[in-house]
Amino acid sequence: MNVLVIGSGGREHAIVDALSKSKKVSKIYCAPGNAGIAKQAELVALKDTDVEKLVAFAVEKNMDLTVVGPETSLAAGITDVFRENNLRIFGPSKNAAQIESSKRFAKNLMIKYNIPTAAYEVFTDFEKALNYVKSKPFPAVLKYDGLAAGKGVVIAENLDEAEIALKDMLVNDKFGEGKVVIEDFLEGPEFSFLCLVNGTEVYPMPLTQDHKRAFDGDKGPNTGGMGVYGPLPFITEDDKKFALENIMKPTAEAMMKEGIPFSGVLYGGLMKTQNGIKVIEFNARFGDPETEIILPKLKSDIFDVFCGIADGKHIEIEWDDYPILGIVMASKGYPDHYEKGFEIKIPNDIETTIYHMGTTEKNGKLLTAGGRVMIVIGQGKDLNDARIKALESVKKIECENLFYRTDIGLK
């Protein structure tokens, strides 16, 4: 079978890696891919949002399956156009992807169907938003109502921080024109609960915890994720059951009732608060870096899983749940301004898996080409062992412009 993977990050590298283990897959293409993916797939020089050209390529190559990685492709309606051309594609429709592309849509859905989440208000006017923040206790949770590559959420500790964030979102259009959702602040550990969803059938994946802040000790700005681990010692079987039965399944059913059935990966960004588990946000695709430690645990053939979900069929799926941890190596300056083009040297004696997130190859040299550059995965007998193995490999990688967190999973 021929498979096309759309995207260029660590998530897509993990998807390509999993597909390469399927006996049913003979050829993998990736658009646009990266230097790491190039070792397992043929790269296609097309942007992940260039829907018409991607469709034409899939038709030309008789693609048996296309797997969508990034939210930008989903928001561009890629799955709708592929299906109109009788092409099998894994991922939700543009309408269903609103659960990620519009914070307002997601909050309205949760309130309507009694899915536990924080109270909120929506604003388009800067002064009204600022006055609302002044009337509430701090910290304030400010969310840009649209896609912002994981950086559109600010937890403002005081009025000055809130004013700067609201100006960015509503006056300076930092992420584009849009609205702002202001939520009540919730406290507790966050975790990621990804499920494969086939209309109303919901198949849970192993739980993970992402680390959003740039620096050790959860300091610094929010990023797309600096590291991840699982399983989670602070989540009980009862917690997982509650999240599945009271959040993930009811959300899939709510989408059906709204006439926009969800097909693909529904990602619940959840928090374990003193008042129970609540939704912080939903995403409409595999998380990054979560995918990089989830897919290695999949025992079933991923081609069958993707096709079953895409075709609306019941699937059988099996997982391992051994301790696994990933440390992201990012360009200095990320998530703000950073430079590209620094050489990376990876020694041959590294035994852990490395997924490339933002790399390119030029004249036989591996170079940095993004904010997050690669993720090093450690497996072990427990989480500490997995962390030590990942850190040992990270320290062997030579590049003068990369930084990383040393405390992933340490809590």
Side-chain angles (χ1 to χ4, degrees), residues 1-97 196-199 201 203 261-265 284-286 288 291 294-296 298-317 355-356 360-361:
M1 295 289 183
N2 293 333
V3 183
L4 171 63
V5 176
I6 294 171
S8 61
R11 162 184 49 214
E12 288 76 27
H13 193 177
I15 291 168
V16 166
D17 186 42
L19 283 163
S20 72
K21 295 178 172 78
S22 169
K23 292 182 175 131
K24 296 179 180 177
V25 175
S26 53
K27 177 78 177 176
I28 307 170
Y29 299 89
C30 188
N34 62 41
I37 291 171
K39 292 181 168 54
Q40 293 173 297
E42 184 177 320
L43 300 192
V44 183
L46 293 174
K47 284 185 182 174
D48 54 29
T49 52
D50 199 340
V51 175
E52 296 304 326
K53 286 183 180 173
L54 288 164
V55 167
F57 178 80
V59 169
E60 179 199 338
K61 297 290 184 183
N62 295 316
M63 215 58 67
D64 296 292
L65 170 69
T66 298
V67 181
V68 185
E71 60 273 27
T72 45
S73 306
L74 296 170
I78 190 163
T79 59
D80 306 77
V81 181
F82 265 64
R83 286 178 188 127
E84 283 163 15
N85 285 273
N86 296 315
L87 292 163
R88 180 194 278 148
I89 188 162
F90 176 88
S93 66
K94 183 177 182 177
N95 267 346
L196 290 151
V197 176
N198 179 359
E201 286 192 296
Y203 304 89
F262 193 95
S263 169
V265 176
R285 37 76 197 177
F286 277 112
D288 192 349
T291 309
I294 289 174
L295 289 189
L298 180 63
K299 291 164 81 173
S300 309
D301 187 311
I302 198 166
F303 181 79
D304 290 340
V305 170
F306 283 151
C307 289
I309 295 289
D311 295 344
K313 293 176 181 171
H314 176 79
I315 61 168
E316 298 294 332
I317 188 161
Y355 290 125
H356 291 229
T360 190
E361 196 170 301

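Remember, it's a predicted structure, so these values are computed and weren't measured experimentally. Here, residue 1 is the first one in the sequence, and each next residue gets the next number.
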Task: Exam field: side chain Asp80 to backbone Lys94, donor-acceptor pair closer than 3.5 Å - done: yes

Task: Non-neighbouring partners of Lys23 that pass side-chain contact (heavy atoms from CB on, under 4.5 Å), sequence neighbours left out - done: none

Open item on the list: To the closest 0.5 Å, what do you measure between CG (Leu43) and CG (Asn34)?
Closed with: 7.5 Å

Open item on the list: Can you tell me how far apart CD1 (Ile37) and CD (Glu42) are? Round to the nearest 0.5 Å.
Closed with: 13.5 Å

TODO: May I have the step-by-step check of side chain to side chain contact (heavy atoms under 4.5 Å, CB included) for Ser20 and Val25, ending in yes or no?
DONE: CA-CA 7 Å; Ser20 72; Val25 175; over 6 Å; no

Open item on the list: Just so I know, are the side chains of Lys24 and Asp304 near enough to count as touching, which here means a heavy-atom distance under 4.5 Å?
Closed with: yes

Open item on the list: Between Leu4 and Lys61, is there a side-chain heavy-atom distance shorter than 4.5 Å?
Closed with: no

Open item on the list: Is the shortest side-chain heavy-atom distance between Met63 and Tyr29 below 4.5 Å?
Closed with: yes

Task: Contact summary for Leu87 and Val59, nearest pair of heavy atoms - done: CD1-CG2, 3.9 Å

Task: Heavy-atom pair of closest approach, residues Pro92 and Thr79 - done: O-OG1, 2.7 Å

Open item on the list: Checking the side chain of Asp288 only, and the main-chain atoms of Arg11 only, is there a donor and an acceptor separated by less than 3.5 Å?
Closed with: yes

Open item on the list: How close do Val68 and Ile89 get, counting heavy atoms only, and between which atoms?
Closed with: CG2-CD1, 3.5 Å

Open item on the list: Between the side chains of Arg88 and Asp311, is the shortest nitrogen-to-carboxylate-oxygen separation below 4.0 Å, so that they form an ion pair?
Closed with: yes

Open item on the list: Please give me the minimum heavy-atom distance between Val197 and Phe262, naming the atom from each residue.
Closed with: CG1-O, 3.5 Å

Open item on the list: With rounding to the nearest 0.5 angstrom, report the CE to SG distance, Met1 to Cys307.
Closed with: 7.0 Å

Open item on the list: So Gln40 and Ile28, do their side chains get closer than 4.5 Å, heavy atoms only?
Closed with: no

- [ ] Return yes if a side-chain donor-acceptor contact under 3.5 Å exists between Asp301 and Ser22, otherwise no.
- [x] yes

Open item on the list: Could you measure the distance from the CD1 atom of Ile309 to the CG atom of Asn198? Nearest 0.5 Å is fine.
Closed with: 4.5 Å

Open item on the list: Treating Asn2 as the side-chain partner and Asp64 as the backbone partner, does any N or O pair qualify as donor plus acceptor under 3.5 Å?
Closed with: no

Open item on the list: Which label fits Phe306 and Phe90: parallel for a plane angle under 30°, tilted from 30 to 60°, or perpendicular past 60°?
Closed with: tilted

Task: Separation between CG of Leu196 and OG of Ser263, rounded to the nearest 0.5 Å - done: 9.5 Å

Task: Exercise: identify the closest heavy-atom pair between Ile6 and Ser73 - done: CG2-OG, 3.7 Å

Task: Tyr355 versus Pro296, closest heavy-atom pair with distance - done: OH-CG, 3.9 Å

- [ ] Taking the side chain as every heavy atom from C-beta outward, state whether His13 and Cys30 have any pair of such atoms under 4.5 Å apart.
- [x] no

Task: Six-ring centre of Phe57, Lys53 cation under 6.0 angstrom, axis tolerance 45° - done: no

TODO: Can you measure from CZ (Phe286) to CG (Leu295) and round to the nearest 0.5 angstrom?
DONE: 4.5 Å

- [ ] Count the heavy atoms belonging to other residues, nucleotides or ligands that lie under 6.0 Å from NZ of Lys313, then report whether that count exceeds 12.
- [x] no

Open item on the list: Using only atom types and a distance under 3.5 Å, with no angle test, would you say the side chain of Tyr203 pairs donor to acceptor with the backbone of Ile317?
Closed with: no

